**Student:** 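Got a structure here, written out as structure tokens. Questions coming.
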Amino acid sequence: ETGVTQTPRHLVMGMTNKKSLKCEQHLGHNAMYWYKQSAKKPLELMFVYSLEERVENNSVPSRFSPECPNSSHLFLHLHTLQPEDSALYLCASSQDRAGPNQPQHFGDGTRLSIL
Amino acid sequence: GESVGLHLPTLSVQEGDNSIINCAYSNSASDYFIWYKQESGKGPQFIIDIRSNMDKRQGQRVTVLLNKTVKHLSLQIAATQPGDSAVYFCAENESRGNLIFGKGTKLSVKP
């Protein structure tokens, strides 16, 4: 139990569907992150939120739309995705965004498959 | 660009032996490093971290060594067990607070 919960664990969707990934952290952290993990690639940072404000958008296509309604919840809204978007999407949180002694704690991810 | 990488993509060890997983980093300004373990079907799990003002840190059965001269990081696992089988990632903390991850090393433990 990492304190970061992601739902759903698995998602299969067509390219024209709209779906959302949910992340909830129970650690009292102020920063939350979305990452994409593809086979044979390092983890790719997508978005960073600090105190509910988006502080980084790492050149992510607009078909991915994050939302952070409060410091405990983070969503990733998906629409018109492409087959190459199939991957494991990981959510993480840390006490604060920057500085040493700020390890990120990850959820178990949502395995997304685009048909 | 600057990156974090791993010397060995796979490592196979006998149960009970010690394991050493290596990592090279290129950003000399990085001041914080983390090792993660990722088991199949799970997210990365924090193992141990080290700040750049230290060269060694020990945890339970794990030790991280940092050599800033050659920009090298290693994770040592003592008395490796089957439950240690996983992919191990090192990550460095860049100035903006983002983590840069390596590709990972797969550790397989033979019984």
Side-chain angles (χ1 to χ4, degrees), chain A residues 1-10 21 23-25 27 29-51 53-59 87-111, chain B residues 1-10 23-27 29-54 57 59 62 64 66 68 73 75 86-106:
Chain A
E1 181 60 50
T2 66
V4 180
T5 303
Q6 290 188 243
T7 55
R9 291 298 313 278
H10 302 272
L21 310 185
C23 176
E24 182 175 0
Q25 57 98 359
L27 302 168
H29 288 169
N30 295 318
M32 296 186 77
Y33 311 78
W34 279 117
Y35 287 88
K36 177 183 179 182
Q37 188 175 37
S38 306
K40 301 180 182 179
K41 279 186 169 183
L43 278 163
E44 301 173 60
L45 179 64
M46 300 175 72
F47 300 104
V48 181
Y49 276 82
S50 179
L51 296 171
E53 181 181 339
R54 190 191 310 181
V55 295
E56 186 139 351
N57 176 343
N58 223 24
S59 302
L88 181 68
Y89 288 84
L90 290 160
C91 173
S93 70
S94 61
Q95 183 61 56
D96 296 296
R97 188 196 170 191
N101 299 334
Q102 297 287 347
Q104 292 177 22
H105 298 266
F106 286 82
D108 286 334
T110 294
R111 175 67 63 186
Chain B
E2 299 188 287
S3 64
V4 174
L6 293 165
H7 294 307
L8 297 173
T10 60
C23 178
Y25 65 94
S26 56
N27 187 347
S30 292
D31 60 0
Y32 178 57
F33 304 87
I34 308 173
W35 279 102
Y36 286 93
K37 171 187 180 184
Q38 187 173 21
E39 297 175 89
S40 180
K42 294 190 176 181
Q45 177 187 357
F46 171 85
I47 302 174
I48 192 167
D49 56 3
I50 188 167
R51 296 182 64 164
S52 60
N53 61 353
M54 304 172 69
R57 191 166 188 218
V62 295
V64 55
L66 176 62
K68 293 180 287 293
L73 193 68
L75 177 70
V87 177
Y88 290 81
F89 299 91
C90 66
E92 64 178 314
N93 189 65
E94 62 169 5
S95 58
R96 292 177 300 170
N98 295 334
L99 290 180
I100 302 173
F101 288 84
K103 289 185 180 179
T105 292
K106 183 176 180 180

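A, B, ... follow the sequence lines: proteins, then strands. Residue 1 opens every chain. Quick caveat: nothing in here was measured; it's all calculated off a predicted structure.
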**Student:** Measure across B:G43 and A:L90 and return the closest heavy-atom pair with its distance rounded to 0.1 Å.
**Tutor:** CA-CD2, 3.9 Å
**Student:** Would you please name every residue forming a side chain to side chain contact (heavy atoms under 4.5 Å, CB included) with A:D108, sequence neighbours left out?
**Tutor:** A:R9, B:K42
**Student:** Picking from A:H105, A:E44, A:R111, A:R97, which has the most non-hydrogen pairs under 4.5 angstrom with chain B?
**Tutor:**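 Highest number of heavy-atom pairs under 4.5 Å: A:R97.
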**Student:** Look at the aromatic rings of B:F101 and A:F106 and report parallel, tilted or perpendicular, splitting at 30° and 60°.
**Tutor:**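 Ring orientation of B:F101 relative to A:F106: perpendicular.
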**Student:** Is it true that A:E56 and B:N98 share a donor-acceptor pair across their side chains at a distance under 3.5 Å?
**Tutor:**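 Result is yes, a qualifying pair exists.
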**Student:** Which one wins on heavy-atom pair count under 4.5 Å against chain B: A:Q102, A:K41, A:Q6?
**Tutor:**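 Of the candidates given, the most pairs with chain B belong to A:Q102.
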**Student:** When you look at A:L43 and B:Y36, which way does the side-chain contact (heavy atoms from CB on, under 4.5 Å) test go after all the steps?
**Tutor:** CA-CA 12 Å; A:L43 278 163; B:Y36 286 93; over 6 Å; no
**Student:** Which heavy atom in B:I34 sits nearest to a heavy atom in A:Q104, and how many Å separate them?
**Tutor:**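 So the two residues come closest at CD1-N, 4.5 Å.
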**Student:** Would you compute the distance between atom CG of B:L99 and atom OG of A:S94 and round it to the nearest 0.5 angstrom?
**Tutor:**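 Spacing of CG (B:L99) from OG (A:S94) equals 8.0 Å.
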**Student:** Decide if atom NZ of B:K68 counts as having more than 12 heavy atoms of other residues, nucleotides or ligands within a radius under 6.0 Å.
**Tutor:**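 Yes.
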**Student:** For A:Y33, check ring-ring contact (aromatic ring centres under 6.0 Å, His included) against everything at least two apart and list the hits.
**Tutor:**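 With neighbours one apart ignored, the set is empty.
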**Student:** Which atoms of B:Q45 are under 4.5 Å from chain A, going by heavy atoms: the side chain, the backbone, both sets, or neither?
**Tutor:**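 Neither; nothing under 4.5 Å.
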